[in-house]
Every structure is written in structure tokens, then in C-alpha cells.
Amino acid sequence: MTTEPSEKAEASSSQPSSRAGSADERDSARKQATEGQDPAALSKLDSKVVNIPASKDEEDLYAHLPPAEALILKRQVETPVVKSGWKALYRYATVNDYLIIAVSSVCAIAAGAALPLMTVVFGNLAGEFNNFFAGVITRSEFNHTIAHMVLYFVYIGIAEFVTIYISTVGFIYTGENISGKIRAHYLQACMRQNIGFFDNLGSGEITTRITADTNLVQDGISEKVALTMNATATFITAFVIGFIKSWKLTLILISTVAAITAIMGGGSTFIVKYSKQSLESYALGGSIAEEVISSIRNAVAFGTQDKLARQYDAHLAAAEKFGYKVKFALAIMVGGMFMTIYLNYGLAFWMGSRFLVKGEIGLSDILTILLSIMIGAFALGNVAPNAQAFTTAISAAVKIFNTIDRVSPLDPTSDSGEILENVEGTIELRNIKHIYPSRPEVTVMEDVSLVIPAGKNTALVGASGSGKSTIVGLVERFYDPVGGNVYLDGHDVSTLNLRWLRQQISLVSQEPTLFGTTIYHNIRHGLIGTKFEQEKEDKLRELVIEASKKANAHDFITALPEGYETNVGERGFLLSGGQKQRIAIARAIVSDPKILLLDEATSALDTKSEGVVQAALEVASAGRTTISIAHRLSTIKDADNIVVMNEGRIVEQGTHNELLAARGPYYSLIEAQKIAETNDLTPEEQEILDAKDEQLTREQSNRSGQGYIQDPDDKNIANKLKRTQSEKSQSSLALQNRKAGVEQRDSLWTLIRLIASFNTTEWHLMLVGLFFSVICGGGNPTQAVFFAKEIISLSTPLVNPFTKEEIPGAKAHLRSEVNFWSLMYLMLAFVQFIAFCGQGVAFAFCSERLIHRVRNLAFRTMLRQDIEFFDKEENTAGALTSFLSTQTTHVAGLSGVTLGTLLTVITTLIAAIAVSTAIAWKLALVCTATIPVLLSCGFLRFWLLAKFQERAKKAYEKSASFACEATSAIRTVASLTREQDVLRQYQDSLDAQSKRSLKSVLKTSLLYAASQSLMFLCVALGFWYGGNRIADREYTLFQFFVCFSAVIFGAQSAGTIFSFAPDMSKAKQAAQELKILFDRKPNMDTWSTDGAPLESVEGNIEFRDVHFRYPTRPEQPVLRGLNLSVAPGQYIALVGASGCGKSTTIALLERFYDPLVGGIYIDGKEISSLNINDYRSFIALVSQEPTLYQGTVRDNVLLGADRKDVPDSEIEFACREANIYDFIMSLPDGFNTVVGSKGSMLSGGQKQRIAIARALLRDPKVLLLDEATSALDSESEHVVQAALDKAAKGRTTIAVAHRLSTIQKADIIYVFDQGRIVEHGTHHDLMAKAGRYSELVNLQSLGKN
């Protein structure tokens, strides 16, 4: 659904509003009949419970329709499901891709096999050392063998480098290539679909597919495939080697594989399970946060920040519990893995010694088998997660291919259908019956026949939901009607070529959609597919300028700094509504279309812009077939034929005067909206005001040292051009004064202190964790000593080399030695397990507590900020919510966990260096030299893999946002027939992207390959140097092995541990942002106890010469010297054109902002001197958009009262006063009915009345109503207005109103214009004056018959 909740009540555009809204529309007929009866009747009407229907089978949805109609609808939305296996992923692969994949696969397998081969060389070397000491071989033989073996290491290293490089680059390249094709085909398929298909998708779904799902596919067919093959090859080779050397020992050691698989598998299932739960409970908290932040004014006005923060905290506590469990599981998993490793060593040596004594196996074989099994077991652990990526890719691809293979019933890219030679432009609808495919239960048009003559202007009017916009959808052929036909010049449109048809028609819709390119290109989109498309550039520019002159847009475009080359930004947000609309009109008329459709083209504009745009439309529609749909009847009085629709039928048609004379439905519509233009200020008044303003601005910019930036709206552009020299220098001076806020940079130490402050209570846990970390670090060097001792024990000569006789007792001695050291391994295994678990558990508590507290404080700090903070564009609700969810988790990277990891690594390295230096300093120094290389290899290996993934995601963000822009504006794309154009641009951006990424992959893969292969060279260096020392009889076997395994293996495992550490750079950045947030002191601080306490309020309010500008737009004066006074108990109304400062007055009264000059007084006290919470507790606000939060109706009403125990009687009273009590009682669960996120289960009128009940529960002295009924349709408005009138009794009430009918009864009406009051008095006084107010009244005349 593409409708926002705010538009639900008036979702009159052809987009089907969501189901709750449609219930409102369906009832409008019944309600109209009962209007103007007693309130009881009105309240009954509302007892319609809005249940969201459970999504039944497709079949059932259409069951109530005749089969022929059901078929038409189904065809428009059905997507057949395509079965697809792994082959489908490669359906766009070329021969080249297959070749590259084949070569890369061979390389990946070769690279995997190289690792276990190293163990053979290692074992042989150890055996040679042993033989040398036993005196079996001579020195020269020994030297020769060492050189030979060391060269093997070097060769394996080089082979590894080459194969890994080729396989990584190959797979990433083909992955990118294939997924790029899938992306392009998917967008192409989307562009081909009919509009009904999009109604059923959320607007987000296509975005997700084109970003997330294609990323998953790419992820599954890129380097992960290479890693899987690599790991599998390693595993198989390792076992082949083991079985060749000794099948018995290998079979016994397979138990290790089982253990490691079980631990990794079991651990990861728990981790996945708990992190899912943790994310879910956090997501609930996140949606609370999002709701609260997006309606922050409400939370601030009612002082409910603390209550809401407590709700948020409850979800955080739940998330924290699951967070512990995730980290426990991880700790046990890591501990279990280390335990298995040490147990495996013990087992291998113990069993190996038994076989050795029997003479079945040699020392070198035991070592080879031991190491290769270890390597194989870990490789197996790597297969699963990478293979999983492949299966995920397959399931993600299914959804994408479903869309690609869908045949669109209305395909704008096809060439079938006839093309007419020349078009008159007569359109005829014959017996049309229409139902939207996404809402089969509502018949939108029933038996409508209408002729729209060529070259004439036909207007469609009627209540919202009466089927006006549907006609546009049928003429453009966005939908097929279920009955009847649409004819163009007597030809059935379903027989015409669709693309050609749409090129004959131009559409200007209510919400103009511009694309993120220049103004010139936006207008040029209108020429697609017309005869002008291939013209020369200057001819095109001429057409564009011509069109924008007609559309009244040329002047403001040329006044922009870059003129027609100004980029309008995504969805055109850099321009005002009126400007966008005029560009859209220029785009519509540039191709000189035969038919122009105007779908409420001016409804979203304020009165001033509307005049300009309306003028443009009148020029544009001259001499073409024009269909205009209007809410504001003033815009269509001159139409040749006015068609009045109601409930999907035509009730009357004729010219303006004929229909007025008939006094039918049209007459009553007109009566409700009588029309005239308001007068503007006289030039003299304007002059005086502007001078005053300039003065103020100067004072302000001098005072704050802050200048202001010009706003690029038309008016200011005109001013800019007329500026005098002195003024120019004034504003440029002010501009220079505006210093960009200096970015706050704190030292790492400050940030660590900030983070640590959240964990102060857990310091003893921290110490425990750090203590265990040190023990974890000591494991490796200890095991090096055990390893060397085991080798020495196994090297005990059993046979005298000279006599060839068995040495008595040697076997028993060998066995007892080996048994002792194997038991030491057992002990080490358990110590390490306990240490890893202890460290994990301690840090899990600390870091989860930390995240919880940081989130809680960050959320509370956000709620504490003043409204100005939320006005800044970097602080949108989305940005702040994602900050809460992501940045706060990154912070853990600076906490105890990281410290523990670093301690472990440092202990390992220091202990290793210390032990080996003590035992054999020369060898120790040579080995230590390799530590930096080994560490960086271990780290880079993991870091680069993460980097590959991130790069793939980042790469396509830009092209994806382009695709999303196109699909979310699919109606505009379709009506402009821009499909091919969009695809071409998308394809270009994909191509550019893949060129760029190929370059970066070629570079990063070098590093990755190096990180895999340098290890071999380090081992080779150790052996070569150690072998030479042994040959000189300088060191014994024990010394060599302690040094070698302590340093080289120690560094390797340290490098691996690095990969477990959270990302520190992210943590630092997150901590910095939090520090900035925590340091920000708002001007109006709800935490502060400053200010005079306020015991009671009479309700006297006074504005004294108040001037105000919004902090985010300091160049735009809003209030210019406002004087206003309200006596206690009065009901006063503020009226005026939009943007005249009415709502600002309310915001200032709530003290969301402080005025620049002047003061606001309540009972004679200036409000900024009072305690802000006390002051706000006497005020209640009902705003235009009622804000409900997730939870029950009761919770929502209770938010009004800031006391704990509110008796039910009070709640009931407030609800009765708000005219909603009966409705609530009619709901199945009464007050305990859940209202859904943002109250989505209720209609606008119901939400608004709950908001009123909430305001009344405070029993406020001052009630502020900010356009409380403007977003409602007239039926709901009636009910709500009755509730408001009741609420205002006996209180000081200030109401802002757009619809003047709502405030006729006010005691005093203040009329605003340009930020000051121009007249005031009662309705009758002001009408008698015939001034500004009576003009406004005529503008919307109230005579509701």
C-alpha cells in the first residue's frame, strides 16, 4: 500500500487506501443520510468496529464476484510461483562466466589441498630432527633434507598465493556479473508490470528485492563458493593424508571432528535462536521509539517522556536477557573449541605412543596425522556457514525470478496492439464497472457511461472515494475495468498499443513526482516516445523552455542559480509544492498531447500557489481534451461540462450555471465551498513590514553572530533580483557569520571513560573477566611446552642404533612419560574451557548491561531535547531510531570484551616470547620477527572477507536508490512511458559500478591471497634457521620445539582471536556520536527544576509584540509583532491563510520554542520564567494528526494524565466528554482493545476523539486545538467537532482552524496575515466589517444547507 496513514481518511487518489480507510468510505453514504440528527445517532454510526480481515485465500477474496470479473481481477494481481533450484541462479551466466567459474573452482580446490600437505612436510621434518639426534643420518644428509623440505614450504606458499588470488577474483567477478544481470532483468520486469501488481506489493518490497535480495544472491555466488570449495578440499585432503599414514589413529581422531562439529553446530543454533529473540524484543522497543520520536511534539506537550521511556526500557530489559544468552552460547562455543583442541593433542599423543611402541607408526606420522586432523576439523566448521549463503541465495532468487517470469496483462513494453494514424481525442466510457484488484470487496464504479468530447474541458467532482480518480486510471489504462469498455475515437482502448496510448495522454497528478535529475531533464521526460524525442539538443531546449513559459515556471527556474540545470534532488524535495507542480505541468504539455488529465493538480497547494498553478493549467488545457478532477470547485467553474459523481455513479452533469440552477448535489457542494480570492496587503503596508523585518534580522544576526541563508522560493528569488546594494552586503555578511558548527572531537581516552562510566557498578565482574582473559592467553605457550615434552618423550630411542637391540625398560618409560604429558593436556583443556567460559560470562553481563544503559540514556536524552533539535533534517525519526538500534550496539566494541581480547592476545605473545627467549634466545628472536606478519595475516584474513561483503552491499546503494525512485513512482513512469529510459540509466550505473569494483577487487584480493600464503614462508624460516642450529648441535630437540610452537602457533592463534573482537573503529565513532548527544543541553530542558513553580492557573494569556522565526529557517519571518490577549474561559479562534503563523502561535504557547523578541504571559507571569513541566501540566494540545502509540485504548487515554492512579470513573468521564465512550465499549475488548502501531486499526475520526479524551483527562486550564478536524472527512468531522465543542466548556480554548465553519461560535476570532493580527471580533462583527475575515469566509462559504 502506498497510502500514508495521514491520508487514509481522504485517500481519494487512485491508490487504494488501506482497508481501515475503505471501511470509512463505504459508510459515508449511510452517514450522509443521518447527518444533522441528534448526537446519539451520530455516535451509533461510529460503532462500526474496524477489523482487519484475516488474509484468506486468493480464491475467497474474489468468491463473491462472477467468474468472468474475478478472472479479470486475478489476472491483474496474480503472480505464478516458479520452482527454482541452484541452476536458476546461473540462468544469466554466459560461456565466459562458466569458463571463469571452472578455472576458479580448480584453483579453490588446489588452494584447499595445500594446507594439509604442509603437515606432511612438518611431520617429515620433525622425524628428520629425531633421526639426526638418534644418529641414524649424517650431518650432510640432514642439511640436504632440511633444505629440500624448507623449499617445499616455499613452493606450497607460492602455489597457495596464486590459486587463492585467481579463485577469489574469479568468483567475485562472476558473482557480480551474474547478479548485475539479475538486477537489470528484475527492474525490467518491474517496469513491465501493470499497476495492479504494485498495489499489492508494499512500496518497500521492490526496494528490498532489488537491494537486499540481489545482495543475498550475489553473496551466495561470489567468494563464499570459493571458500566452501576450499574448506571441503582441505577437509578431504586432511583425512586422505591421515588414512594413508595410519588408518587406525586417524579413525580414533575422527572423534575430534565429531566434537568440533557438534560444538560449532550446537553453538551456532543457540546463537541464532537467541539473537533472533533479542532482535525481536528490541524491534518492539525500536518501534516504540520510532512512534514516540515521530510524534515528539505530542510527547513533550503531555509531559509523557518518562512514561514512554519506561515502556521502552521494559523492551530493552527483555532484549538484554536474550543478549546474555547469545554471548553465553558464544563463550561456551569458543571455550569448547579450545578444549577440544587440547584434548585432541592429548588423545593423539597417548594413542600414538601405544602404536609407536608396537612399532606400527613413526613419530613423523603421529605429528602429521595430529596436525592434519586439526586442520581438517576446523575446515569442516567453515563449510556450513558458507554453504548456507548459497541456499539463502537460492531462496532469495525464487522471489526475484517469480517477478521476472510474470507475464503482465498490461505490458507497456510490448509492440502488440494497433496505432491510430491521427487522434481526435474523444473519449467514451460505456457501462463501466470497476473494482480495484487489491480491494475486491469494494465496487468503485457501477455502470458509468460518459462521453468526453474532443478539445473540451470536462471536470469531474464529487466526495472523496466517489470514483473520480478511477476514471483517470481507466483512461491511462492503468487498470482494466471488470465490465464495460473505454473508447478513444471509437476504438476500444484495449485493442490499442499501450505505450502509444499513454504517449497521447499527459497526466498531472495530485502529488507531482519529479525524478532526481535536473529540471531540464525532468521536463524532457515528457518528450519520450513522441516525434520530438530524436530532435537536436537546441530544438529540445526550445520546446522545454516554451512549455515552462506556458506553465508559468520559466521565471522562477531562470532565477535559480543554475537555471534549468538545477538538480531537483530525490523526489524533488528541493522545490516548494507549487514549483514542483508547475514543472510537472510543463512536463505534461511539452509534448503537446491530445489529452490532458489533471488529477486534483492543485489540491496540495496553498491558496497563493494555487492561483499561479491554476492560471498555468488554464493556458495548458486550451484546445485539448482535458479531464480535470477537482476538490476545490473554484478551479473548474469554467469547464465545458461538469460531471458530478457519487458512490461510483454519475448523479448529474452540465455547465456551472446549469447545475447551480438545478440546485442539486453540485449546488450543495458549491455552497460548502463558496469562492473568492483573499486580498493581499497593500504595497505600503508590505513595505513597512519588510523594513521592520530587515531591522530585526540584522539585530538578530548581530546578536547571535549567526546569519541566515536565503530560501529558494519564488518570492525570495524575486526579492533577490530587486535587492539594493546595501542589503546585499548585509545578507552576505550575515551568511559569512554563519559558522558551521565545529565538529566535536574527543580523545579516545575521554570516550573510553564515557563508556566505562556505564559499567562502573560491574567493576568486580570486569576484573574477573580480565583475570580469566589472562589465563586464556597463557594456554598457548603452556601447550608449546607440553608439545615439546611429548615429542621428546616420543623420541626416546627404543632400539640401540649400533647393536640394533631393544633397550630394556625404554618402552615402559616412553609410555609413562607420554601418559603424564597427555594428562597435563587434559588438565590444560579443562582450565582453558573454564577460563573461556568465565571470561565470556563476565563480559556478557558487562556488555549487555552497557548496551541497555546506553540505549536507555540515549533515548531519554533524545526525549529531553527541545523541538528545535527534531526540526533539523539530520534528526528525522528514522535517523534517530536507527541510531538507537545500531550505534549503541557498536559501543560495546570499546568495552570489556575488547579489552579482554587484547589482554588474551598480549598474554599469549608475551608469554610465548618470554618462554622461548629463556629456553633458546637465538631461535626465539628469529621466530619473533615473524610475529607481525602472522598476526596481520590472521587479522586480515577475516577483515578482508568482511570487507568483500560490505563492498558488495555499498556498491549498489546508488543504483538501487535510482531503481527504487522509479518503482515507487511507477504511475508517473508509466504515464510518461519512461520504462526504457529508466532501464538504460540503471544499466549504465550498473556497468560503471562493476568496472569500479573489479579494480578494487583486483587490489584487495592481493592482500587476501598474501594473508593466506605468508604463513607458509614464516614456518619455512623457522624450520630452516632451527634446523641449522640443531645441525650445529647448538640446540636440542626440546628447545627447538618449545620456541617454534610457542611463537609461530601462538601468533597464529592470536591472529584468529582478533577476528572475534568487535569492530573498534565503529565503536569509537559511535561513542563520539553518543558523547555529542549527551553533551547537548537544550534551551528548554524538561529535566531541569529551574523556574518558578506554578501552583494554579486562571487562564489569562497574553502575547506582547512577539517576533519569531524557525531556527531551521531563520530567513523566513513567521510572526512579526503579534499582540493577542485571551481572558479566562474564552473560546478564541485563530484563522488565516496557510503559513500565516497560526500553528506557530500554538507551538509558542506550548513553549516548543521561545520567541526572538517580545514575551508570552500567563496570568501576568512570563512563561519562560516558569518551571516548564509545571507550566505544561496546565495545558492540553489536540493536534491535526492524532498520535496514538502501540498498546491498548486505555493506555493511550492514560497518557494524558501524569499521575499514577487514575480512577476508572475519570477515564470514563473523559471518554464520554470526547464522544467516544460508546464506540470503545462496542469494541470486543472495550478499553483493552489494542490499537496497533500508530493507531492504524482505527479510523481518523476515532483516533482524533481518543486524542481529545486524552487531552481532557488532564483536566487542562488551557486547551489548544491545532486544526483538530482538518484531516477528517465531513462525516467524522461532524462527530469530532461536537466532541470539541463539549470539551471547550469552562476552559480557556485557543483553536486554529482551516475550515471556518468549525469556529463560528467562537467568542473572539483573530484573523492573521503575514505573521500579525489584522482584525478581530465575533463572527457577526467581522462579517459586518466585510474585511479579510469575510473574504476568507466567502472563500469557503459556510452555508452548509
Side-chain angles (χ1 to χ4, degrees), residues 204 211-212 275 278-300 305-306 308-320 323 741 743-746 748 750-752 754-755 757-759 847-895 950 953-954 957 961 1062-1082 1085-1087 1112 1189-1190 1237-1238:
T211 48
S275 39
S278 160
L279 283 173
E280 272 167 20
S281 52
Y282 181 65
L284 291 173
S287 64
I288 284 189
E290 201 269 335
E291 284 184 355
V292 174
I293 292 171
S294 57
S295 59
I296 187 73
R297 287 161 192 263
N298 217 48
V300 169
Q305 294 101 317
D306 190 52
L308 295 165
R310 281 202 302 275
Q311 281 184 16
Y312 180 65
D313 200 35
H315 289 292
L316 291 185
E320 180 188 0
E743 209 177 315
Q744 187 175 337
R745 278 251 172 267
D746 293 291
L748 185 61
T750 321
L751 297 178
I752 290 178
L754 167 74
I755 304 298
S757 68
F758 285 100
N759 265 147
S847 71
E848 282 299 314
R849 284 278 156 79
L850 168 85
I851 291 175
H852 180 155
R853 287 182 190 140
V854 167
R855 269 182 181 161
N856 190 17
L857 185 63
F859 185 56
R860 283 172 184 272
T861 311
M862 283 174 188
L863 293 190
R864 166 198 188 183
Q865 303 306 334
D866 43 23
I867 303 292
E868 188 183 323
F869 172 79
F870 297 95
D871 286 344
K872 296 195 178 128
E873 50 209 34
E874 68 268 23
N875 296 333
T876 55
L880 293 175
T881 318
S882 80
F883 174 86
L884 281 175
S885 57
T886 53
Q887 298 292 16
T888 45
T889 34
H890 292 329
V891 169
L894 280 179
S895 66
E950 222 156 75
K953 274 209 185 76
K954 278 270 178 323
E957 268 170 13
S961 77
D1063 195 330
M1064 280 187 67
S1065 58
K1066 273 189 191 149
K1068 179 171 185 272
Q1069 187 189 339
Q1072 177 67 69
E1073 293 194 21
L1074 280 169
K1075 180 102 171 65
I1076 294 174
L1077 177 65
F1078 293 152
D1079 288 352
R1080 188 177 188 278
K1081 283 277 173 290
D1085 187 353
T1086 48
W1087 291 3
T1112 43
Y1189 300 111
Q1190 265 175 351
S1237 159
K1238 296 190 182 162

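Sequence positions, counted from 1, serve as the residue numbers for this chain. What you are looking at is a predicted structure, and each value in this text was computed from that prediction instead of being measured.
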Flag the pair [X] / [Y] as yes when at least one side-chain heavy-atom distance between them is below 4.5 Å, and no otherwise.
X       : Y       : answer
Glu1073 : Gln1069 : yes
Ile288  : Tyr1189 : no
Arg849  : Arg853  : yes
Leu316  : Phe859  : no
Arg1080 : Thr861  : no
Met862  : Leu1077 : yes
Ile851  : Glu320  : no
Tyr282  : Leu884  : yes

message: Looking at Thr881 and Ala877, would you say the former's side chain and the latter's main chain have a donor-acceptor pair under 3.5 Å?
response: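 Yes, Thr881 side chain to Ala877 backbone: donor-acceptor pair under 3.5 Å.
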message: Treating Ser295 as the side-chain partner and Asn298 as the backbone partner, does any N or O pair qualify as donor plus acceptor under 3.5 Å?
response: no
With rounding to the nearest 0.5 angstrom, report the [atom1] to [atom2] distance, [X] to [Y].
X      : Y       : atom1 : atom2 : value
Asn875 : Ile293  : CG    : CD1   : 9.5 Å
Ser275 : Glu280  : OG    : CD    : 10.0 Å
Glu290 : Leu880  : CD    : CG    : 10.0 Å
Arg745 : Leu751  : CZ    : CG    : 9.5 Å
Thr750 : Gln1072 : OG1   : CD    : 8.5 Å
Asn856 : Arg310  : CG    : CZ    : 11.0 Å

Salt-bridge present ([X], [Y]; N to O < 4.0 Å):
X       : Y       : result
Lys1075 : Asp1079 : yes
Asp871  : Arg297  : yes
Asp313  : Arg855  : no

- prompt: How close do Ala1071 and Leu754 get, heavy atom to heavy atom, and via which atoms?
  reply: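 Between these two residues, the closest heavy atoms are O-CD2, 4.0 Å.
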- request: For side chain to side chain contact (heavy atoms under 4.5 Å, CB included), just list the numbers for Val891 and Phe758, CA-CA rounded to whole Å, side-chain angles, deciding distance to a tenth of an Å, and then say yes or no.
  value: CA-CA 11 Å; Val891 169; Phe758 285 100; over 6 Å; no
Distance-only polar pair, side chains of Gln305 and Arg864, donor-acceptor under 3.5 Å: no
- request: Might you work through the side chain to side chain contact (heavy atoms under 4.5 Å, CB included) test for Asp306 and Arg860, ending with a clear yes or no?
  value: CA-CA 8 Å; Asp306 190 52; Arg860 283 172 184 272; 2.8 Å; yes
- prompt: Given the rule in the side chain to side chain contact (heavy atoms under 4.5 Å, CB included) test, do Phe870 and Thr876 qualify, once you have shown the distances and angles that lead to the verdict?
  reply: CA-CA 7 Å; Phe870 297 95; Thr876 55; over 6 Å; no
